[in-house]
Number of protein chains: 2
Amino acid sequence: MLSKKTKYGLKALTFLAIQKERNPIPIAEIATHENISQKFLESILLTLRRTGYLGSKKGKGGGYYLIKDPSEIPMTTVMRVLEGPIAMVSCVSINFYEKCEDCPDEQSCSVHKLMLKVRDSALDVYRNTTLADLIT
Amino acid sequence: MLSKKTKYGLKALTFLAIQKERNPIPIAEIATHENISQKFLESILLTLRRTGYLGSKKGKGGGYYLIKDPSEIPMTTVMRVLEGPIAMVSCVSINFYEKCEDCPDEQSCSVHKLMLKVRDSALDVYRNTTLADLIT
DNA sequence: GATTATCCTATAGTTTTAGTAGATTAATAA
DNA sequence: TTATTAATCTACTAAAACTATAGGATAATC
């Protein structure tokens, strides 16, 4: 299941993306509009800033705003930052690879084989979907 | 991330599938061979029995065995029984649908839109992969 | 009747998730 | 310079989910 962190993060990004101007929007405004706990959203936006797609400004008139065009923001990055690895097992992860302790041989492992397919299909979706595709 | 329950369940099914005969195999044997806690595997196999693909026999000479041919066991069923919904949010789930409390409109929700694509791509993999495809 | 192995229920320990609290820093405006 | 606004940062807590473990009941075989 998708974590609320990711869910809220995506909603916040969408909210910023549909704004006409790229003026800073305070966290409080996003939180109210999307029914999210403000404090929780605070930490989520802080995390999202690491993608480099999001800028922030302190003080009056401050808030968060998109640095890049929504069409340049791929879901691969967003999902990895918020949700973590796209793969469902670490032994098929591209960015977070780790060998399974219990598994003697990856090549013959049925879990590995199945999850490789699932990863590829998910990756295909995330790579070909940008924030722009999510706003009607 | 895939739960260990699902991981172990898949490994157990694979182990049963590669047997030449369809004789009952005791849990202990599967557990030893696949590095799984026996008691944990017990409950997993019990769950898996609900799919109808798995039979069991008590007492001496007993154990678990496949009822159907591996090529007739699709991953959709296995994943749903072990891991739960294939969808990452309940509002795009086919078998476990539930409306999101916080979301006023599904049609315009960006999370809904993205997760619908992800569900379809995962479903495509699971529907077209049987247990037979996972054994080399 | 002894042994073997599944079946079933309850429970405990650990980790992750979701959210809170409160203080700090930076920008703006008076 | 002071007040206000809003992001930043650290620490903590409650609840849920996950990963088992324990112990007995049931059923089949020898």
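Here is the naming used below: chain letters follow the sequence lines, and residue numbers restart at 1 for every chain.
- Proximity of Ser56(A) to the phosphate of dA6(D): no side-chain N or O atom is located under 4.0 Å from OP1 or OP2.
- Between the CG atom in Asn23(B) and the OH atom in Tyr65(B) there is a gap of 10.5 Å [rounded to 0.5 Å].
- For the atom pair OG1 of Thr51(A) and NZ of Lys68(A), the computed distance is 9.5 Å after rounding to the nearest 0.5 Å.
- Within residues 32-49 of chain B, the residues approaching DNA chain D are Ser37(B), Lys39(B), Phe40(B), by heavy-atom distance under 4.0 Å.
- The aromatic rings of Tyr8(B) and Phe40(B) sit perpendicular, their planes meeting at an angle over 60°, well past the 30° parallel limit.
- Side-chain contact, Ser3(A) with Glu83(A): a donor N or O sits under 3.5 Å from an acceptor N or O.
- For the atom pair NZ (Lys7(B)) and CG (Leu82(B)), the distance works out to 14.0 Å, reported to the nearest 0.5 Å.
- Which of dT6(C), dA7(D), dT5(D) sits closest to the side chain of Ile27(B) comes down to dT6(C).
- Take the nearest nucleotide of DNA chain C for Lys4(A) and for Gly59(A): the residue whose nucleotide is more 5' is Lys4(A).
- A close approach under 4.0 Å does occur between a side-chain nitrogen or oxygen of Tyr8(B) and OP1 or OP2 of dA20(D).
- If you measure from atom CE of Met88(A) to atom C1' of dC18(D), you get 14 Å, rounded to the nearest angstrom.
- One can place NZ of Lys58(A) at 7 Å from P of dA27(C), the figure rounded to the nearest angstrom.
- Taking for each of Pro26(B) and Thr6(A) the nucleotide of DNA chain C with the nearest heavy atom, the 5'-most of the two is the partner of Pro26(B).
- Nucleotide dT16(C) holds its P atom 18 Å from the CG atom of Leu2(A), rounded to whole Å.
- Atoms CG and CG, on Leu45(A) and Leu16(A) in that order, are 7.0 Å from each other to the nearest 0.5 Å.
- Mapped onto DNA chain D by nearest heavy atom, Lys60(A) and Tyr64(A) fall at different nucleotides, with Lys60(A) at the one closer to the 5' end.
- Between the C1' atom of dT16(C) and the CD atom of Glu83(A) lies a distance of 12 Å, rounded to the nearest Å.
- When the options Leu48(A), Leu41(A), Leu10(A), Thr47(A) are evaluated for a side chain to side chain contact (heavy atoms under 4.5 Å, CB included) with Lys5(A), the one that passes is Thr47(A).
- Note: CD (Glu29(A)) to P (dA7(D)) measures 10 Å, nearest angstrom.
- Close to dT29(D), at under 4.0 Å from its OP1 or OP2, lies a side-chain N or O of Lys57(B).
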